[in-house]
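Notes follow once the structure below has been shown.
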Number of protein chains: 2
Amino acid sequence: MTEKSRQIVYERQAEVLKSLAHPLRIAILDFLKDGEQCVCDIAKYVGSERSNVSRHLSVLVSCGVLECRKEGLKVIYSLKAKCVLDFFKCVTTCLIQQAKDSEKLLRVL
Amino acid sequence: MTEKSRQIVYERQAEVLKSLAHPLRIAILDFLKDGEQCVCDIAKYVGSERSNVSRHLSVLVSCGVLECRKEGLKVIYSLKAKCVLDFFKCVTTCLIQQAKDSEKLLRVL
DNA sequence: TTACTATATGAGTATATAATCACATAGTTA
DNA sequence: TAACTATGTGATTATATACTCATATAGTAA
C-alpha cells in the first residue's frame with residue numbers, strides 16, 4: 001500500500017467513525033439494535049425534529065451503517081453493519097477507566 | 001437508568017468515538033499498535049507539525065484511549081484501550097460493502 | 001380532485017473542530 | 001551559565017457540522 005492510499009484509507013475510516021460519533025446517532029443505533037423502525041418513531045424516541053433525524057439517518061446510511069426501505073408513506077431504517085454495536089462495550093470500558101482515574105485523583109487532592 | 005442519564009451516556013460515548021474519528025488520530029493509533037512512541041517520532045510518521053500532533057494526542061489521552069509517561073525530555077505515548085483496534089475490522093467491512101454497492105450501481109447505469 | 005401524512009432537502013445561523021504560528025516550559029548538554 | 005531540544009498551549013483563522021424553519025416530494029385517503 002502506498003503512502004497516499006494509506007492516507008485515503010485513514011480518511012474513509014474516519015468518515016465511518018465520525019458517523020457514529022454523535023449522541024443523537026448513538027441513540028438511533030441504540031433504538032435500532034432491537035429492530036427496524038420508521039423515521040417518525042425514531043424521532044419520537046430520540047426526541048428531535050424529524051427533519052433533523054432524517055439528516056442524521058442519511059449520514060448513517062451513506063456510511064453503510066444503516067440501510068432503509070420504503071413501505072408506503074414510511075421509510076423503515078435498520079442496522080446494516082451490526083458489528084458497530086460491539087464498539088460500545090469498548091467505549092464503555094474507556095469511560096469506566098476515566099471515572100476510576102478521576103476518583104483516584106480526587107483521593108490525592 | 002433515567003432519560004437524562006441515558007442522554008449523558010450517549011454524549012460521553014460520542015466523545016470517545018469522536019476522539020477516534022479523525023484521519024490523523026487513526027494514523028497515530030496505527031503507529032502505536034506496534035508499540036509506544038514519542039511525540040517527535042509520531043509527528044514524523046503522520047507527517048504533521050509537532051504542535052498539532054501534540055494536541056491530537058491530548059484528545060486521545062483525555063478520552064482514555066492513550067496514556068503517556070515522561071522519559072527525560074521526551075513524552076512517550078502508548079495505547080491504553082487496545083480494544084479500539086478491533087473497531088477497524090468492522091469499519092473496513094462497512095467500506096468494502098460501500099464499494100461493492102457502488103460497483104453494483106455502476107453496472108445498472 | 002383535495003387534504004393529509006411521512007420524509008427529505010435548501011438556506012441560514014450557530015457552534016465546534018482543526019491547523020498554524022508564536023511563544024512558554026522543562027529537561028539536557030556544552 | 002547559555003544554547004539546545006522536545007513538548008505543550010494561547011490566539012487566530014479556516015472549515016465542517018448541527019440545528020431550525022420553510023418548502024418540496026411522494027404516497028394515502030376522503
Side-chain angles (χ1 to χ4, degrees), chain A residues 7-8 10-32 35-78 80, chain B residues 7-8 10-32 35-78 80:
Chain A
Q7 291 309 317
I8 291 172
Y10 291 152
E11 276 167 30
R12 304 283 268 108
Q13 290 178 327
E15 271 176 49
V16 177
L17 288 171
K18 211 180 294 178
S19 81
L20 305 172
H22 188 284
L24 199 143
R25 293 197 287 266
I26 293 173
I28 291 173
L29 297 178
D30 197 28
F31 190 42
L32 293 183
E36 57 180 25
Q37 299 285 352
C38 66
V39 180
C40 52
D41 289 341
I42 296 171
K44 258 179 246 159
Y45 180 79
V46 303
S48 180
E49 291 212 3
R50 289 181 190 184
S51 64
N52 192 30
V53 171
S54 174
R55 238 181 273 266
H56 283 293
L57 287 166
S58 72
V59 170
L60 288 165
V61 168
S62 78
C63 286
V65 176
L66 300 185
E67 59 190 344
C68 63
R69 61 186 172 81
K70 279 207 91 166
E71 195 175 291
L73 255 181
K74 298 187 175 178
V75 178
I76 312 291
Y77 285 83
S78 59
K80 185 177 188 185
Chain B
Q7 292 308 317
I8 292 172
Y10 292 151
E11 277 167 30
R12 304 284 267 110
Q13 289 178 327
E15 271 176 48
V16 176
L17 287 172
K18 210 178 294 177
S19 81
L20 305 172
H22 188 284
L24 198 143
R25 293 196 287 266
I26 293 174
I28 290 173
L29 296 178
D30 198 28
F31 190 43
L32 293 183
E36 56 179 25
Q37 299 284 351
C38 65
V39 180
C40 53
D41 288 341
I42 296 170
K44 258 180 244 158
Y45 179 80
V46 303
S48 178
E49 291 211 6
R50 289 182 191 185
S51 64
N52 192 30
V53 171
S54 174
R55 239 183 271 268
H56 284 292
L57 287 166
S58 71
V59 170
L60 288 165
V61 168
S62 77
C63 285
V65 176
L66 301 184
E67 59 190 344
C68 63
R69 62 186 171 81
K70 280 208 89 165
E71 195 175 290
L73 254 181
K74 298 188 174 177
V75 178
I76 312 290
Y77 285 82
S78 60
K80 185 177 188 185

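Every chain is numbered from 1, with letters handed out A, B, ... down the list of sequences. Computed over heavy atoms, backbone and side chain alike; hydrogens, waters and symmetry mates excluded.
- Applying the salt bridge (charged side-chain N to carboxylate O under 4.0 Å, His left out) rule to B:K80 yields the partners A:D101; only residues at least two apart in sequence or on another chain are considered.
- The minimum heavy-atom distance between A:C38 and A:I76, with the atom names listed, is CB-CD1, 4.0 Å.
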Can I get a per-line list of side-chain donor-acceptor pairs under 3.5 Å for residues 17-28 of chain B, giving both atom names and the distance, sequence neighbours left out?
residue : atom : partner : partner atom : Å
B:S19   : OG   : B:V16   : O            : 2.6
B:H22   : ND1  : B:L24   : N            : 3.0
B:R25   : NE   : B:S19   : O            : 2.6
B:R25   : NH1  : B:H56   : ND1          : 2.8
B:R25   : NH2  : B:K18   : O            : 3.1

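- For the side chain to side chain contact (heavy atoms under 4.5 Å, CB included) test, residues two or more places apart in sequence or in another chain that qualify with B:C68 are B:V75, B:Y77.
- Contacts of B:E15 classified as side chain to side chain contact (heavy atoms under 4.5 Å, CB included), with partners at least two apart in sequence or in another chain: B:R12.
- The salt bridge (Lys or Arg N to Asp or Glu O under 4.0 Å) pairs that include a residue from residues 47-69 of chain A are A:E36-A:R69, A:R69-A:E71, where partners are two or more places apart or lie in different chains.
- With sequence neighbours left out, B:Y10 forms a ring-ring contact (aromatic ring centres under 6.0 Å, His included) with no residue at all.
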Could you encode protein contacts along nucleotides 17-30 of chain C as a string, one character per nucleotide from 5' to 3', using B for base contact, S for sugar-phosphate-only contact and - for no contact, with a heavy-atom cut-off of under 4.0 Å?
-> SSBBB----BBS--
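- Within the 4.5 Å cutoff, side-chain heavy atoms of A:L29 are placed close to those of A:L66.
- Applying the side chain to side chain donor-acceptor pair (under 3.5 Å) criterion to A:S48, with sequence neighbours excluded, gives A:N52.
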Any chance you could lay out the side-chain contact (heavy atoms from CB on, under 4.5 Å) test for A:F31 and A:V46, step after step, and finish with the verdict?
-> CA-CA 8 Å; A:F31 190 42; A:V46 303; 5.7 Å; no
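- Rounded to 10 degrees, the angle separating the terminal axes of the helix from C:dT1-D:dA30 to C:dA30-D:dT1 is 10°, with each axis obtained from five end pairs.
- Interface limits on DNA chain D: the 5'-most and 3'-most nucleotides within less than 4.0 Å of chain A heavy atoms are D:dT17 to D:dT28.
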